[in-house]
Amino acid sequence: MRETPATPAPTIFVNDTTLRDGEQTPGVAFTLAEKLAIAEALAEAGVPEIEAGTPAMGEEEIEALRAIASRGLGLRVLAWCRMGKADIDASRRAGVGAVNLSIPASDRLLSVKLGLDRAEALERVRRYVPMALDAGFEVAVGAEDASRADPDHLLRLAEAAAEAGAFRLRLADTVGALDPFRTYDLVAPIARSSGLAIEFHGHDDYGLATANTLAAVRAGATHVSVTVGALGERAGNACLAEVAAALESLMGAATGLDLEKLPALAERVARASGRAVPEGKAIVGRDVFAHESGIHVAGLLADPETYRGADPRLFGRRHRIVIGKHSGAKALAHALGERGVELAAPTAARLVTLVRRKATRLKRSLTVDEVVRLHDEACAGLQAR
Ligand SMILES: [Zn+2]
């Protein structure tokens, strides 16, 4: 009997916020059935924690949170709250076990949104974290706009959160203003000195959310906030599949995720969000393990390691050779071989030309059937000479 290898215990924990920040994508709105299906798919993929909604949005959201939390999915279901009594009360009715209590960390957001100074913000942490603990929640504190906050204030915020009994501090790059180097510099001192687990929540305004998340992990963050397909405000959040794949393959971290489930998970969320998975999206896109260029295909056929980046087998996928404008004789011989047709040397050059012409005219790759027909044409052309 074949034994299934045990999944190593996670060293980095994924907190998926597709149902909260992901749904904040303009134009995206999940039904209750879609939310439940996504939560179940995340649980099946081994995601240990999801941020499933914002109770302050009202009864419908509270009902959805309650439905997800009561499903017994075996993951932590967390609600996003502002640092205040009304949101904590709303979370009680949502039936979740954990809350993320968010407070602005930058002076700009503190003064414009709440009219508070730093000392008053710390006071709120000292008041509301114990209130949420008394209500029976596990409590994480979210530092909104941490990337534009004074680092000294962030350290004091971390201290206040730890003393008040929070189990984790989220550093949010709310406006996507960080690069990987600044992310490292922001996270490292807090991870070193706070005694709290640190979560990083990145946004992709400069296309750096995944890179910044990895930098945060390198700096000591143990929790990563991500969404399926990078859904989220503006340019989106860090992408679950990219972050998980890079953590496992490039950084040697264990996430506890079943990476083979990621492509189907991406498709499920794409259907529910109405945002198709781009063909070239890393890890999950249709074409990211497809190869056309003659030089690359010849190398891959001889030894897959020649031009392999990420290993498709990790994600339940495989290399696919497509025939198109850049195909060489080796790829054509390989495609024809699938139909038991042998490509003779004199025909090969003519077939390469015919394939090139047709692919350019149609502006797409060709099917094997089309290649077989062009091969027939190439043979007939040679005989007619
Ligand atoms: Zn966000």
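When a ligand or atom number is given, it counts from 1 through the structure's own listing order.
- Side-chain atoms of D369 and T367 form no donor-acceptor pair, as typed in the model, at a separation below 3.5 Å.
- Between V277 and R286, every side-chain heavy-atom pair lies at or beyond the 4.5 Å cut-off.
- Listed by first then second residue, pairs satisfying ring-ring contact (aromatic ring centres under 6.0 Å, His included) with a partner in residues 155-202 read H201-H203, not counting sequence neighbours.
- Summary: NE2 is the N/O/S atom of H201 found nearest to the Zn ion (ligand 1).
- Restricting H203 to its N, O or S atoms, the one at the least distance from the Zn ion (ligand 1) is NE2.
- No donor-acceptor contact under 3.5 angstrom links the side chains of T227 and N237, judged on distance only.
- Of all N/O/S atoms in D21, OD2 sits nearest the Zn ion (ligand 1).
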